Undergrad: 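Have a look at this one before I ask anything.
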Amino acid sequence: MMTRLLNAVVCAIALGSCSNSTNPGNAPRAYRLGFSATPPRLELASVLATIEAWRPRGDIALHTLSVPWKSMLADTSAAFLVRRDVAELVALYKSRNLPVIVQVDATDGLARDKEAPELVAAGRSISEPAIQILYREYILAVDSILRPEYFGLAMETNLVRAIAPSTVYQSLRTMTNAAASALSGQQSTAWLFVSVQVETAWGRLPATPQFVGVDQDRIDFPFITALGLSSYPFLGGFAEPEDVPLEYYERLSSVNFPSLPMLVVEGGWSSASVPGVTSSAERQARWIARQMALADRAPMVAVTQITYTDLDLTTYPVPAGSILPLFANLGLVDTQFAAKPALAEWDRAFQRPLCVRPGCGS
């Protein structure tokens, strides 16, 4: 998997200092910008090139983990897996003064109505107490070893609730809350979050007659101190970036609960047309500009993308029927690292002075 590739190269990566030029004529941004190390091709050199390419235009790092169910079911310890697969990469980010967001995906990231493929293949389920214990052990190991600044315990919880069997969602809720309680016991310093799917919250994926919001997620996951956002508006029926309401992120700060810091932990706009969606590189660039306008209005602390580059799917395992091709062209550069128009919009936002103290941008 990706983490094994990353682990193999992190010792060879020598990162220089990050460039963070500012333009005094621009309003400050109160949120950091960043990416993950996901490469265009599953090759060691590609991983290295990806990190080096986005480093000058990022001031936070993102890492998404799938629970290594197969290895843990084979009695490999959670601590060993975290140290082997990701510890050196996260240490490298921190050595360059990059805060780190880590999020753990316990279900199927490409099919939220299903459980994780490794569990399904083993005939197991998160409804089993023994599997929930393995999840909790992994969460505790990730926190104690990686010490992320922001730690996501579940992803797209509202979409799981909307389309997965009720037993899957209730099990996810139970084990996530138990893990959060255990983290409190080991004095975790991370801002804990779950992510919600923004299009689902707006009643667009799946389609509902009205805005749904995230109140149920705030009720079901009361431990969260931040709110992660997953947003793919081009898959939610928006034809043009400017069609996305300016309060698209801001409105998720429910009037029924105290406002929480928000961070975009996945999302984007395809630069190429995909089934059912017409798009272009120019549309993607306009989305990046629009997204920063949305972020400016919300209590945002980070805007990230999992992919800095497009994906060469010939090097990725793509199961039959997978929706991965929908996300292959989200990068700000192509698979050869050639810039798309969206990169200039991202760089324009990054060049704004970063101000993370209270009152910034007001």
Side-chain angles (χ1 to χ4, degrees), residues 1-16 33-58 60-66 68 70-71 81 84-90 92-93 96 98 100-103 105 108-111 116-118 230 232 234-235 265-275 279-281 284-285 288 304-344 346-347:
M1 288 297 293
M2 189 74 59
T3 51
R4 296 297 300 277
L5 288 170
L6 293 173
N7 182 64
V9 299
V10 290
C11 292
I13 301 173
L15 294 179
L33 297 169
F35 303 91
S36 81
T38 302
R41 286 169 291 279
L42 287 180
E43 303 167 353
L44 302 182
S46 188
V47 174
L48 171 60
T50 298
I51 297 172
E52 290 291 350
W54 72 251
R55 180 180 47 81
R57 47 182 53 91
I60 196 166
L62 171 69
H63 198 76
T64 301
L65 294 166
S66 295
K70 184 176 180 180
S71 295
L81 293 167
R84 183 193 70 184
D85 294 341
V86 291
E88 290 182 89
L89 176 64
V90 169
L92 183 60
Y93 286 144
R96 305 318 306 166
L98 290 171
V100 179
I101 304 166
V102 173
Q103 56 183 346
D105 202 347
D108 190 333
L110 294 174
E118 287 189 356
S230 166
Y232 302 92
F234 74 102
L235 296 177
V265 290
E266 65 172 304
W269 195 292
S270 178
S271 64
S273 296
V274 295
S279 193
S280 66
Q284 182 192 42
I288 294 297
T304 67
Q305 287 202 178
I306 291 177
T307 51
Y308 172 71
T309 76
D310 286 348
L311 305 180
D312 179 354
L313 294 182
T314 64
T315 71
Y316 278 80
V318 183
S322 171
I323 65 171
L324 184 59
L326 296 177
F327 307 101
N329 297 102
L330 298 180
L332 306 188
V333 300
D334 66 17
T335 59
Q336 303 302 317
F337 295 92
K340 302 182 196 177
L343 184 63
W346 181 279
D347 286 348

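We're numbering straight along the sequence, starting at 1. Quantities reported herein were computed from a predicted structural model and do not represent experimental measurements.
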Undergrad: Can you find a heavy atom in the side chain of Thr50 that is under 4.5 Å from one in the side chain of Ser36?
TA: no
Undergrad: Mind listing the closest non-hydrogen atom pair of Tyr308 and Ala53 along with its distance?
TA: CE2-CB, 3.5 Å
Undergrad: Side-chain contact test, heavy atoms from C-beta onward, threshold under 4.5 Å: evaluate it for Leu311 versus Thr38 and give yes or no.
TA: yes
Undergrad: Under 4.5 Å between any side-chain heavy atoms of Phe234 and Ser279, yes or no?
TA: no
Undergrad: Quick one: side-chain contact (heavy atoms from CB on, under 4.5 Å) partners of Asp312, sequence neighbours excluded?
TA: Arg41, Thr314, Thr315, Thr335
Undergrad: Give me the atom names and distance for the closest heavy-atom approach of Ala272 to Ser270.
TA: O-OG, 2.7 Å
Undergrad: If you compare all heavy atoms of Leu98 against all heavy atoms of Gly58, which two are closest, and at what distance to 0.1 Å?
TA: CD2-O, 3.8 Å
Undergrad: Do you know which two heavy atoms are closest between Leu326 and Pro275, and how far apart they sit?
TA: CD2-CD, 4.2 Å
Undergrad: Can you name the one residue among Val100, Ile60, Leu62 that meets side-chain contact (heavy atoms from CB on, under 4.5 Å) with Tyr93?
TA: Val100
Undergrad: Quick one: which of Val47, Thr307, Thr309 gives a side-chain contact (heavy atoms from CB on, under 4.5 Å) with Pro39?
TA: Val47
Undergrad: Among all residues two or more places apart in sequence or in another chain, which pass the side-chain contact (heavy atoms from CB on, under 4.5 Å) test with Ala49?
TA: Phe337
Undergrad: Run the side chain to side chain donor-acceptor pair (under 3.5 Å) test against Gln284 and tell me which residues pass, sequence neighbours left out.
TA: none
Undergrad: Applying salt bridge (charged side-chain N to carboxylate O under 4.0 Å, His left out), name anything that partners Asp105, two or more places apart in sequence or on another chain.
TA: Arg112
Undergrad: In chain order, what residues pass the side chain to side chain donor-acceptor pair (under 3.5 Å) check against Glu266, with sequence neighbours excluded?
TA: Tyr232
Undergrad: List for me each residue that meets side-chain contact (heavy atoms from CB on, under 4.5 Å) alongside Ser280, sequence neighbours excluded, and say none if there are none.
TA: Glu282, Arg283
Undergrad: Is any side-chain heavy atom of Phe35 closer than 4.5 Å to one of Leu332?
TA: yes
Undergrad: Suppose the criterion is salt bridge (charged side-chain N to carboxylate O under 4.0 Å, His left out): which pairs have a residue in residues 316-333, not counting sequence neighbours?
TA: none
Undergrad: What distance separates Gln305 CD from Trp346 CH2, expressed to the nearest 0.5 Å?
TA: 5.5 Å
Undergrad: Report the residues that fulfil side chain to side chain donor-acceptor pair (under 3.5 Å) with Ser230, sequence neighbours left out, ordered by chain and then residue number.
TA: Glu156
Undergrad: If a pair satisfies salt bridge (charged side-chain N to carboxylate O under 4.0 Å, His left out) and one of its residues is in residues 315-342, list it, with sequence neighbours excluded.
TA: Asp310-Lys340
Undergrad: For Trp54, check side chain to side chain donor-acceptor pair (under 3.5 Å) against everything at least two apart and list the hits.
TA: none
Undergrad: Would you list the pairs meeting side chain to side chain donor-acceptor pair (under 3.5 Å) in which at least one residue belongs to residues 317-327, sequence neighbours left out?
TA: none
Undergrad: Once side-chain contact (heavy atoms from CB on, under 4.5 Å) is applied, do any residues pair with Ala281, and if so which ones, sequence neighbours excluded?
TA: Ser271, Pro341
Undergrad: Heavy atoms, side chains only, cut-off 4.5 Å: are Ile51 and Leu92 in contact?
TA: no
Undergrad: Specify the closest pair of heavy atoms between Pro325 and Val274, including all atoms of both residues, with the distance to one decimal.
TA: O-CG1, 4.3 Å
